[in-house]
**Q** 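Mind having a look at this structure? Questions to follow.
All ligand and atom numbering here is 1-based and tracks the order in the structure.
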Amino acid sequence: MPEAKKIMLGIIGYGFMGHEHANALEKFEGVKILAVCDNNSKQMEDVKQGVLLFQDYHEILKVQEINTVIVSVPNPLHKEITIAAAKAGKNVICEKPAAMSVEEFDEMVRVTRECGVLFTVHHQRRWDRDYLIMKEVYDRKAVGDIYLIKSQLYGVNGNMHDWHVYKEMGGGMLYDWGVHLIDQMLHMVDSKIDTIYADMQNVINKEVDDYFKIIIKFHNQITTEIELGTYYLTPKRAWFIGGKGGSAIIEGFAGEGKIIRTKHLLENVPGKITMTSSGPTRSFGPPEPGLLYEEELPKVKAAHIDYFVNFQNALNGREELAVKTDEVRRVLLFMDAVRKSAGTNETVRFE
Ligand SMILES: NC(=O)c1ccc[n+]([C@@H]2O[C@H](COP(=O)([O-])OP(=O)(O)OC[C@H]3O[C@@H](n4cnc5c(N)ncnc54)[C@H](O)[C@@H]3O)[C@@H](O)[C@H]2O)c1
């Protein structure tokens, strides 16, 4: 097999995420970082020797050897720079959220197609360990027929930072982490969506959302819930998948958790009355000893670098891009529906 073409990379926007990319890609042989661009030269003071530096993105796009750029500038600039890069013949990996609107994104897709370049979005959280474990639970039907999936992310640092506090910059948590959590859920559940209901709040941020809860009814009868709050003051990353054959739970980004099953599954168990401090209950007392048992969650291989392994394979015609533009578009449409539901306090039909 001929040697694979490398991703000859330029990074446009060298702030938090630009640095993350440079650090993560340092050890990946499939990438060579040729140039970095940031309109604030201070951001590039730590760039390694030998890497070209630019302050104007038009200039980095003139570097012949670059075949791909990462666009990691604030959200309102994604469209302009993606289109300019495509017109310069560069493949584009754009940061999420891909665009400020579906219309913007459609234009990005149209131009990148016309220019014949690869275009994808950095939804690398599809390679998060906790997500991949739960996707495996879902794909393998490890808890039988599923009725509920919950994805929760709670934080303590309520205030957003820098440009993320401004609406016109595409700030707020729906655009920030929300887009990842939505992308994961839509990627996991292989069904159309019937309805979306969302509550969104600015708890302590003035302009932008820092809390949301989204309830999604999928056409295959699965209900899912995505909840995020930056001001929960009880940090947590958690998943729950409830199926007729058990419950799968994860707490923590590293995917610690278990599957819990019951020996009396689907049997008619005579109700035993338990007395609680709030009175008697048959359904909500502690389980009888031996009723429940635990199993390990599936083991998965999880590495964010696989996003770029896939991109390099796509560059060499060996694989399709894992993150497809129609999936990204669906996430953007979904976010519009979330805003509509939250704004009207009504359930929105989708698909
Ligand atoms: N995929 C992820 O997990 C993830 C995580 C964080 C941020 N992001 C995304 O990455 C993008 C950047 O976010 P960030 O947190 O790194 O922001 P940041 O503010 O830390 O970095 C943005 C950089 O872009 C530079 N910049 C602004 N305008 C420019 C221009 N015209 N030309 C060149 N450079 C310019 C700024 O000087 C800054 O250094 C956003 O779209 C954000 O949503 C993605």
Side-chain angles (χ1 to χ4, degrees), residues 9-25 35-47 51-63 66 69-85 88 90 92-101 104-105 108 120-131 153 155 157 159-184 187 208-209 228 230 237 253 302-308 310-311 322-323 327-328 331-332 335:
L9 190 66
I11 302 178
I12 305 179
Y14 205 62
F16 167 73
M17 209 51 208
H19 279 83
E20 283 293 299
H21 283 302
N23 294 335
L25 293 171
V36 163
C37 167
D38 200 293
N39 64 355
N40 176 356
S41 61
K42 278 204 167 359
Q43 296 281 50
M44 302 188 288
E45 280 172 357
D46 57 353
V47 175
V51 175
L52 301 169
L53 304 183
F54 299 91
Q55 278 185 261
D56 177 347
Y57 77 78
H58 298 93
E59 296 303 313
I60 190 173
L61 295 178
K62 290 182 188 159
V63 179
I66 291 177
V69 293
I70 292 180
V71 177
S72 47
V73 289
N75 305 338
L77 290 165
H78 289 182
K79 178 186 137 191
E80 173 190 322
I81 298 183
T82 295
I83 288 178
K90 312 300 183 198
V92 180
I93 298 172
C94 182
E95 264 308 339
K96 50 68 10 189
M100 300 285 283
S101 66
E104 274 196 13
F105 185 67
M108 292 156 82
T120 185
V121 177
H122 189 232
H123 279 307
Q124 89 284 10
R125 296 211 168 276
R126 286 192 199 175
W127 285 265
D128 281 5
R129 180 170 298 281
D130 58 338
Y131 169 68
L153 182 61
N157 295 321
N159 265 317
M160 259 157 269
H161 55 90
D162 308 320
W163 54 268
H164 294 272
V165 297
Y166 302 114
K167 206 169 181 171
E168 62 172 28
M169 295 299 287
M173 269 293 145
L174 187 69
Y175 266 141
D176 193 349
W177 264 87
V179 71
H180 285 304
L181 303 183
I182 294 164
D183 179 65
Q184 289 178 336
H187 186 244
V208 294
D209 64 282
L228 173 151
T230 61
R237 170 67 176 133
F253 286 101
H304 282 173
I305 200 66
D306 283 345
Y307 176 90
F308 287 97
N310 166 260
F311 187 87
V323 178
E327 295 167 341
V328 176
V331 171
L332 292 173
M335 293 203 295

**Q** Relative to atom 3 (O) of ligand 1, which among H21, Q124, H304, M44 owns the nearest non-hydrogen atom?
**A** Q124

**Q** Is there a side-chain contact between L9 and I70 in this structure, where contact means two heavy atoms from C-beta onward sitting under 4.5 Å apart?
**A** yes

**Q** At what distance is the nearest protein heavy atom to atom 11 (C) of ligand 1, and which residue and atom is it?
**A** V73 O, 3.4 Å

**Q** Among all protein heavy atoms, pick out the one at the shortest distance from atom 37 (O) of ligand 1; state its residue, atom name and that distance to 0.1 Å.
**A** D38 OD1, 2.6 Å

**Q** Out of W163, Y175, F16, whose heavy atom sits nearest atom 13 (O) of ligand 1?
**A** W163

**Q** Check the angle between the aromatic planes of Y307 and W127 and answer parallel, tilted or perpendicular using the 30° and 60° thresholds.
**A** perpendicular

**Q** Please list the nearest protein heavy atom to atom 12 (C) of ligand 1 with its residue and the distance rounded to 0.1 Å.
**A** S72 O, 3.3 Å

**Q** Out of curiosity, is H78 lining ligand 1, as in a heavy atom under 4.0 Å away?
**A** yes

**Q** Give the atom numbers and elements of ligand 1 that come within less than 4.0 Å of a heavy atom of P97.
**A** 43 (O)

**Q** Give me the ring orientation class for Y14 and H19: parallel if the planes are under 30° apart, tilted from 30 to 60°, perpendicular past 60°.
**A** tilted

**Q** Should H123 be listed as contacting ligand 1, given a heavy-atom distance under 4.0 Å as the test?
**A** no

**Q** Of V63, L61, I81, which is the lone residue that meets side-chain contact (heavy atoms from CB on, under 4.5 Å) with V69?
**A** L61

**Q** Which protein non-hydrogen atom lies closest to atom 41 (O) of ligand 1, naming both residue and atom, and how far is it?
**A** N75 OD1, 2.6 Å

**Q** Do K96 and D183 meet the salt-bridge criterion of a basic N to acidic O distance under 4.0 Å?
**A** no

**Q** In terms of residue, atom name and distance, what is the protein heavy atom nearest to atom 26 (N) of ligand 1?
**A** N39 OD1, 3.4 Å

**Q** For atom 42 (C) of ligand 1, which candidate among K96, R125, M17 provides the closest heavy atom?
**A** K96

**Q** Please confirm whether H164 approaches ligand 1 to less than 4.0 Å, judged on its heavy atoms.
**A** yes

**Q** Would G170 count as a contact of ligand 1 if the rule is a heavy atom under 4.0 Å away?
**A** no

**Q** Any chance the side chains of D56 and H58 put a donor and an acceptor closer than 3.5 Å?
**A** yes

**Q** Should the ring pair H164 and H161 be called parallel, tilted or perpendicular, given that the plane angle runs from 0 to 90° and is split at 30 and 60?
**A** tilted

**Q** Quick test of your reading of the structure: of Q43, M169, E95, whose heavy atom lies closest to atom 1 (N) of ligand 1?
**A** E95

**Q** Name the orientation class of the two ring planes belonging to H21 and F308 (parallel below 30°, tilted from 30 to 60°, perpendicular beyond 60°).
**A** perpendicular

**Q** Please check if the number of heavy atoms outside N157 that lie under 6.0 Å from its CG is greater than 12.
**A** no

**Q** Quick test: of every protein heavy atom, which one is nearest to atom 21 (O) of ligand 1, and how far off is it to 0.1 Å?
**A** G15 CA, 3.3 Å

**Q** Between CZ of R129 and NE2 of H304, what distance do you get to the nearest 0.5 Å?
**A** 10.0 Å

**Q** Under a 4.0 angstrom heavy-atom cut-off, which atoms of ligand 1 come close to H180?
**A** 1 (N), 2 (C), 3 (O)

**Q** List ligand 1 atoms under 4.0 Å from N40, heavy atoms only on the residue side.
**A** 37 (O)

**Q** Heavy atoms, side chains only, cut-off 4.5 Å: are I305 and L25 in contact?
**A** yes

**Q** Answer with side chain, backbone, both or neither: which part of D176 has a heavy atom less than 4.0 angstrom from an atom of ligand 1?
**A** neither

